[in-house]
Amino acid sequence: MDFLSGLNPEQRAAVILPEQSALILAGAGSGKTRVLTTRIAWLISTGQVSPHGILAVTFTNKAAREMLLRLSAMLSINIRGLWMGTFHGLCNRMLRAHHLEAMLPQTFQILDSGDQLASIKRLMKALNVDDEKYPPREVQNFISKNKEQGLRAHEVEAFDPYTRRRVEIFAAYDEQCQREGVVDFSELLLRCYELLTRNQSLREHYQSRFRHILVDEFQDTNRLQYQWLKLLAGQHNALFAVGDDDQSIYAFRGANVGNMQELTRDFHVQNVIKLEQNYRSHGNILDAANALIKNNLSRLGKNLWTSENKGEPLRVYEAPTDAEEARFIAEEARQLNREGIHLAEMAVLYRSNAQSRVIEHALVSAGVAYRVYGGLRFFERQEIKHALAYLRLIQNSGDDNALLRIINFPTRGIGARTIEQLQEAARAQNISLWQAAKQTSGKVAAFVTLIEMMTGATRELPLPEAIDHILLHSGLLAHYQNETGVKQREAQERLENLNELINAATLFVHENEDDSLTSFLTHAALESGESQAEANADALHLMTVHSSKGLEFHTVFMGGLEEGLFPHQNSRMADAGVDEERRLMYVAITRARRRLYLSFAQSRMLHGQVNYSLMSSFLRELPEKLLHWITPRIATRNNFSSPAYSTAFVPKPPPINMSGLGAKKCVSVQNSPWHISQEVHHAKFGEGVIIDIEGGDSDMRVQVKFRTAGTKWLALEYAKLTPL
DNA sequence: CCGAGGGTCCTTTTT
DNA sequence: GGACCCTCGG
């Protein structure tokens, strides 16, 4: 088998495992996608199973596409019968095929999280629920979390009135969705799971079909997903799970790393294969990653190694301010680019999105092209959702969400009062808003006529032409074309996006056998699309550490390594939160192939206020010998004081903008050895940073933010503070 | 029906 | 600082 050549012994062992369940612990950069695809190719080409007998599951559409692409490059035979997709995509497929058994209309629509929230708000209004006491977002979370645990409203344990009320809303919400023929993301999974649980013949059909089930990123599965897999695997099928517990960074959205241990128990996994050889990074980078992640106690255990050389040390930069840090990154990226590294081969990673602003500003100033990942996706844009709502209403008149979105957009003089009356009428007769609208006259009736005309006119049209028709006759195009003044630019962009929607539909029709409207709407919901075009342009990548998972770059800038930001303050509360933050840092480090910059700032603008922080504890966990400090290294790291540091490396004192007290403070700062942002040590409280200073020479008091002991005011006369 | 203005919140995200 | 949401006034 020529595709087996080039695999290392562990990869090969994983690929040619006999037909049994297995857990492959695949470290970062160890070639896990290759192992997965080669395994499938090997199973098929050795005749052990036909493509028909394989189910391959991923989390993202991107991963599914990539696997399919690689697989078709390896195999010459037709792999049509093979099911490959995301959990949601696969569940959708089963539900459509068995919609009657699943008690859904064939053309059921999928609610994205925004639609779901709108749906919940509408319901709560109808039920007269106080949205101060029950914030809709929280209710949404409550519903999704429970569904992801496999629980229906009546199965949720509610011991307090607060939870009981939320359970009631949960139940009413599910009823509303059922009535309207819509399904939210977690419902796709839960409904499919229930379908297979209740329907023995269907379950047995799929069980006997999918002899091999392969799962990517297994550490990210939630409870329901694991149960779904277990159900499909039954007693006899082989569940081949690939994952990395050290890269589990999605506990906050329900991922359960424990599924890995559970898998080995439930499926009597004989041997766990570890892929530890890394094909991505130089040695120093891996050594740093290994040293860091060792501090997590509950691990399955793994140590990355490479046959490559050590490479260069990690470069550490301490900046006085976030703006300075950004300026450094921009400058360095520009320099590297001049030396021949493509901008697209570099990435700036950060813990939270708010950090991108300063960096973008610096990049603009330095004239460095960049691209920010994340943010609004194509199908989530307001104008696209409006256009799709027309299509949804045409498709399924029971879709109240869709009707409400467009009944007065573009404005056609139907006000809030009219809409309320419509909702009351619908509720009273237990009918859809559409049906209620049909009973009225006047402006609402005109709207009904408009939709009916559209329905008739588009029935026989190919999808792109149908969309074109709707854009024109709904008045959407005219609405944006008529925008003037400050909004004109924005409207122009929206018009371009609407045009792009027609292109997307054209492409969709070309690429899919099933080019029905339902299919397109499903596509829009399940694949919200790229956030920005121009993927080919050579631009520096900006993204959160989370979204960098799975990617790699020649050079990585990891910014904002400050205690409280990374690890994030809020993670201290969460169960094993700091461990998850550490895994996140591990992900960040292992993105770099050749060069890794680690930087932090003494002060940072956060929530509109200047914030002073200590260096991240994660940076301290990295072995000194792997690091090269670009700025003078911090004194504590040497165990001797470094006078050079404070004088040479605080070019300008951080701004203090309290007009009245400002002058006094500045004097104090200049005359005393203490200044804001200075790192200090206290005999009892440990290490901290000065964040405020008050009083004169003799009765001077400083406010210190300690690493562990919180923030305290200390009188310098009494407190034993030593500069670090 | 719109837009200005005020209050509130602020970690991470895919489907 | 700024995104978002709601309210109130024209």
Side-chain angles (χ1 to χ4, degrees), chain A residues 57-64 85-92 110-117 121 131-132 135-138 141 144 147-148 183-190 192 216-217 220-222 224-225 248-255 322-323 349-358 361 373-377 379-380 408-419 485-487 522-529 531 543-550 560 564-574 577-578 580-581 583-585 587-588 604-611:
Chain A
V57 196
T58 62
F59 273 87
T60 64
N61 292 297
K62 196 176 157 210
T86 62
F87 280 100
H88 295 84
L90 295 165
C91 287
N92 171 65
I110 298 166
L111 300 184
D112 67 22
S113 3
D115 298 330
Q116 185 188 27
L117 186 63
K121 280 183 181 166
D131 60 3
E132 301 254 298
R137 277 193 190 281
E138 201 279 327
N141 231 337
S144 299
K147 285 191 184 180
E148 279 159 18
V183 159
D184 65 43
F185 285 136
S186 35
E187 182 72 24
L188 279 172
L189 281 152
L190 183 53
C192 184
D216 190 19
E217 305 277 17
D220 288 340
T221 50
N222 63 34
L224 177 58
Q225 286 160 339
S248 162
I249 55 172
Y250 286 115
F252 72 90
R253 65 172 198 213
D322 50 352
L349 307 185
Y350 35 80
R351 176 64 180 83
S352 72
N353 286 306
Q355 288 167 254
S356 79
R357 185 175 306 279
V358 214
H361 182 78
Y373 283 72
L376 254 202
R377 319 288 265 308
F379 286 110
E380 286 168 353
N408 196 36
F409 193 95
T411 45
R412 33 179 82 91
I414 301 175
R417 183 78 200 106
T418 312
I419 292 172
V486 273
K487 285 200 162 180
T522 300
H523 166 80
L526 291 183
E527 283 195 56
S528 33
S531 61
M543 65 185 87
T544 62
V545 182
H546 279 94
S547 26
S548 77
K549 196 170 85 157
L565 185 60
F566 197 9
H568 198 277
Q569 192 60 42
N570 297 5
S571 71
R572 298 184 76 95
M573 303 304 182
V578 177
E580 175 137 328
E581 293 286 300
R583 290 192 290 270
L584 198 51
M585 178 71 179
V587 168
R604 177 177 299 277
M605 186 71 117
L606 220 61
H607 310 323
Q609 280 188 322
V610 180
N611 234 272

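Letters go in sequence order (proteins before strands), and every chain restarts at 1.
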Determine the contact category for [X]: base if any of its heavy atoms lies under 4.0 Å from a base atom, sugar-phosphate if only primed atoms, P, OP1 or OP2 are that close, otherwise nothing.
X      : answer
A/S113 : base
A/F87  : nothing
A/F59  : sugar-phosphate
A/D112 : nothing
A/N408 : sugar-phosphate
A/L349 : nothing
A/E581 : base

At their closest point, which heavy atom of [X] faces which heavy atom of [Y], and how far apart are they?
X      : Y      : value
A/F566 : A/G560 : CB-O, 3.9 Å
A/V545 : A/A588 : CG1-CB, 3.7 Å
A/A63  : A/D216 : CB-OD2, 4.3 Å

- prompt: Would you call A/L349 and A/M543 a side-chain contact if the rule is heavy atoms closer than 4.5 Å?
  reply: yes
query: Are the side chains of A/Q225 and A/L189 in touch, meaning some heavy atoms are under 4.5 Å apart?
result: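 Side-chain contact under 4.5 Å: yes.
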message: Need to verify one output field. Residue with the more 5' nearest nucleotide on DNA chain B, A/I414 or A/E527?
response: A/I414
message: Return whichever of A/S547 or A/R412 has its heavy-atom-nearest nucleotide of DNA chain B closer to the 5' end.
response: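 It is A/R412, whose closest nucleotide lies nearer the 5' terminus.
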Give me, pair by pair, the N or O atoms of the protein and of nucleotides 2-5 of chain C that are less than 3.5 Å apart, along with how far apart they are.
from  : atom 1 : to     : atom 2 : distance (Å)
C/dA3 : OP1    : A/R357 : NH2    : 3.1

- request: Sticking with atom P, work out how far C/dC4 lies from B/dT13, rounded to a whole angstrom.
  value: 15 Å
task: State plainly whether the residues A/R253 and A/E148 are in salt-bridge range, i.e. N to O under 4.0 Å.
output: no
field: Lys/Arg N to Asp/Glu carboxylate O, A/K549 vs A/D220, below 4.0 Å
entry: yes
- request: Could you please spell out the steps behind the side-chain contact (heavy atoms from CB on, under 4.5 Å) verdict for A/Y350 and A/L565?
  value: CA-CA 9 Å; A/Y350 35 80; A/L565 185 60; over 6 Å; no
query: Base of B/dT12 relative to its sugar, syn (within 90° of 0) or anti?
result: anti
- prompt: Can you give the first and last nucleotides of DNA chain B, 5' to 3', that have an atom under 4.0 Å from a heavy atom of chain A?
  reply: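 With heavy atoms of chain A under 4.0 Å away, the range is B/dC1 to B/dT15.
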- request: For the residue pair A/F185 and A/H88, categorise the inter-ring angle as parallel (less than 30°), tilted (30 to 60°) or perpendicular (more than 60°).
  value: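 A/F185 and A/H88: perpendicular rings.
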